[in-house]
2 protein chains.
Amino acid sequence: MGQKGRDARLRQPRVTIKDVAQAAGVSPSTVSHAYSGRRAISAKTKERVFAAAEALGYSADPHARSMRTGRSEMIGLVLRPRFAATGAPETSETFNRLAGSIAIECLRRGIGLVHVPDPTRQEHSAVPMDGCIVAHPYASDPTIDFLEARGIPVVCADPDPDRPALPWTVGVDYSTGMRAAFEALGVGPGRRVWLLPGSEDNAWNREARRVHARWCEDSSLRTEVHALSESLSPDEAEALVSRLLADHGAPDALVFSLSKTSGPVLRAVASAGLRVPQDLKLATLTDSSFSRTARPSITALDLNHEGLASAAVDLMMRRLGGEAPPGGVVPVAPVLHARESTSR
Amino acid sequence: MGQKGRDARLRQPRVTIKDVAQAAGVSPSTVSHAYSGRRAISAKTKERVFAAAEALGYSADPHARSMRTGRSEMIGLVLRPRFAATGAPETSETFNRLAGSIAIECLRRGIGLVHVPDPTRQEHSAVPMDGCIVAHPYASDPTIDFLEARGIPVVCADPDPDRPALPWTVGVDYSTGMRAAFEALGVGPGRRVWLLPGSEDNAWNREARRVHARWCEDSSLRTEVHALSESLSPDEAEALVSRLLADHGAPDALVFSLSKTSGPVLRAVASAGLRVPQDLKLATLTDSSFSRTARPSITALDLNHEGLASAAVDLMMRRLGGEAPPGGVVPVAPVLHARESTSR
DNA sequence: CTGAAAGCGCTAACAG
DNA sequence: CTGTTAGCGCTTTCAG
């Protein structure tokens, strides 16, 4: 039974602060202070304490310590399951890249990171964490309120769509980055630049349409937009792009949202007898191995998950350190990778 | 100061089990048992307790709970930094995929996962975890001994190279998978099959050489092996393969270890005027977006990090559940993805 | 500079 | 079925 397992693990009785104190011939509080440095301990006493601790293989019980101090020196991470659930390769690449980056950032700072299954699922007991990063929250995400109500400070990595002005938020600066992507096409007035956004209604697709429209207006270009659903298979995507090119005539440049459609788009363009970049410039609004390894390689907007991770952890440390919240969303700059598909 | 931050977070006094008990007009132990179900509580009492808890926004203090029970319902994960440190894209893809898979596996089971910076770095206080997965341990990794000495059960995800027979280990079954990769080439006796392994001395490269040699012998093939260092740039790798083809004459099939060199290998082969798969079959001993999206796509051995993750978490749950250790390394089957580069 | 003792919030014996 | 009570191991007053 479970009973057996517990016994097996407690076989070796825990070495407590009392054992160390006894072995070193001092009181428990002296041992505690020797480590914490919160009061002066003579050098030789410290010596004896550490030697005894070493010999006994002592390390402080994190539970007892946290119970006393109220802190766990760990931060939590909530990742919305939609990123993990769907089997789309690009989706899991995003999930893994964000989770991995936050993990690495925490390792670097020597702070513990705990993945939280789902805080709102009433589990009786909460997860020990001093604060919690909620990555890509849902609209009006109840997790945020739940955690804050229990006194756990939250940092949002990308805003809650319904509450973009929440304090303690970091977010990718889509509009600047997307603008840069359009600029990189290097097309002059009077040219035709298509946008092929995804069909899901999220901030990223919305921004793409908005920035495209604005930029076309500023540059005196006609706007042409054709949605390319996230759920299309590669072959379906290729067929759709081929049809669009046939029906509407090829534009001078084409910007698509999902980099996973790099291959299909390239093949459709090639089938139409167009060369990239000579006849048609190409750019995509997210970066992945698909755009990097395509031939020709595709100019892409790297959404900079690493930067988002780093900024989120940094903001959390500030918040836990008692600083005042920043004036607005802390912007994370996406990075444009100019590649062969937009070279002159 | 830190003082300020602490106060800010403790602004809202913690709701304890006593508060709930008082509000519901019962004793603290009744509240405890209402949740844990470790003794029978009348339906209406439970009702009152939960209502009171809900109203007060109660959830149990994880520190106090863990201190009492000795368990934290979390498992730890130690990932060796070499995977994160080097900037190689394939390396970080591996790191992220493994970390992400373990995270997802834990989310699925509703168990907490804590990334452990480095347990052996004497931090005075340990990290709260019921057990710890050490992924890709170093040879004679001291982390394993350190944790076990402190009574924290360890599961190795891929063996400690110096101690492959440690109990509670899961490992990728390289040899079976690699054998399958060679078989997939579909070449007959008397043909020439090159192996281009990496130059690092790790289990994976060692196995590749061993399996290749054995298979060549079994199939009456000449063995030709040329190392392709992990540190080469794409252009350097392409140049090296081109030179090898020129110097030694093209083989009938070529197996390379690192899938990130898919592009370079393909280009070198094309430069030599060879068509894949008609003139030359190709396979790689690890899978990634590079082999998947190449044209033609490359037959690759997917090392199945997801499977490794899942098996490791599963084994940990068994160990924590008090089961006896399995008889040997729990094998995880890598998956061969046959693609265009080996089609007939 | 050091020791003694209180108590963090919870669970698990004991008692009914 | 429910209440009372004794600690889990640590930090932190309070005394010296």
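Here the structure is a predicted model, which means the values were calculated and not measured. Below, read A as the first sequence line, B as the second, and so on, with proteins coming before strands; counting in each chain starts at 1.
- Straight-line distance from the CZ atom of B:Arg48 to the C1' atom of D:dG3: 14 Å, rounded to whole Å.
- Taking the charged nitrogens against the carboxylate oxygens, B:Glu105 and B:Arg109 do have a contact shorter than 4.0 Å, which makes a salt bridge.
- Between B:Arg48 and B:Glu54, no side-chain nitrogen of the basic residue sits less than 4.0 Å from a carboxylate oxygen of the acidic one, so the salt-bridge criterion is not met.
- Regarding contacts with the backbone of D:dG3, a side-chain N or O of B:Ser27 is found under 4.0 angstrom from either OP1 or OP2.
- Nucleic acid contact for B:Ser29: base, since at least one base atom lies under 4.0 Å from a heavy atom of the residue.
- Contact annotation: side chain of A:Ser32 to base of D:dT12, donor-acceptor pair absent below 3.5 Å.
- As rounded to whole Å, 13 Å separates atom P of D:dT11 from atom CD1 of A:Ile41.
- Mapped onto DNA chain D by nearest heavy atom, B:Thr30 and B:Met67 fall at different nucleotides, with B:Thr30 at the one closer to the 5' end.
- Between D:dT12 and A:Tyr35, no contact under 4.0 Å exists linking OP1 or OP2 to a side-chain N or O.
- Between A:Arg97 and A:Glu306, at least one side-chain nitrogen of the basic residue sits less than 4.0 Å from a carboxylate oxygen of the acidic one, meeting the salt-bridge criterion.
- Distance B:Ile17 CD1 to C:dA12 P: 11 Å, rounded to the nearest Å.
- The distance between atom CG of A:Asp61 and atom P of C:dC10, rounded to the nearest whole Å, is 17 Å.
- Nearest to the side-chain atoms of B:Arg39 among the listed nucleotides D:dC1, C:dA12, C:dA13 stands C:dA13.
- Here the P atom of nucleotide C:dA6 and the NZ atom of A:Lys18 are 12 Å apart, to the nearest Å.
- Helix bend of the helix from C:dC1-D:dG16 to C:dG16-D:dC1: the angle between its two end axes, each built from five pairs, comes to 40° after rounding to 10°.
- If you check every strand for non-hydrogen atoms under 4.0 Å, B:His63 touches nothing.
- Neither side chain, A:Ser66 nor A:Arg71, offers a donor N or O lying under 3.5 Å from an acceptor on the other.
- Proximity of A:Thr45 to the phosphate of C:dC1: no side-chain N or O atom is located under 4.0 Å from OP1 or OP2.
- By the side-chain contact (heavy atoms from CB on, under 4.5 Å) test, B:Asp145 pairs with B:Arg163, sequence neighbours left out.
- Just one of B:Ile133, B:Leu98, B:Val114 meets the side chain to side chain contact (heavy atoms under 4.5 Å, CB included) condition when paired with B:Leu77; it is B:Ile133.
- Ionic pairing of B:Arg65 and B:Asp61 is not present here: no N-O contact between side-chain nitrogen and carboxylate oxygen is shorter than 4.0 angstrom.
- Per the geometry, NE2 belonging to B:His33 stands 6 Å off P belonging to C:dA12, to the nearest Å.
- Between the CG atom of B:Asp19 and the C1' atom of C:dC10 there is a distance of 13 Å, rounded to whole Å.
- Residue B:Arg38 places at least one side-chain N or O closer than 4.0 Å to OP1 or OP2 of C:dA12.
- For the pair B:Arg71 CZ and C:dC10 P, the computed distance is 16 Å after rounding to whole Å.
- Of the side-chain N and O atoms in A:Ser36, none sit less than 4.0 angstrom from OP1 or OP2 of D:dT11.
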| message | side-chain hydrogen bond (donor to acceptor under 3.5 Å, both in side chains) for B:Ser29 and B:Ser32? Distances and angles first, verdict last. | response | CA-CA 5 Å; B:Ser29 64; B:Ser32 175; over 6 Å; no

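- Heavy-atom distances to DNA chain D give each of B:Ala40 and B:Arg68 a nearest nucleotide, and the one nearer the 5′ end belongs to B:Ala40.
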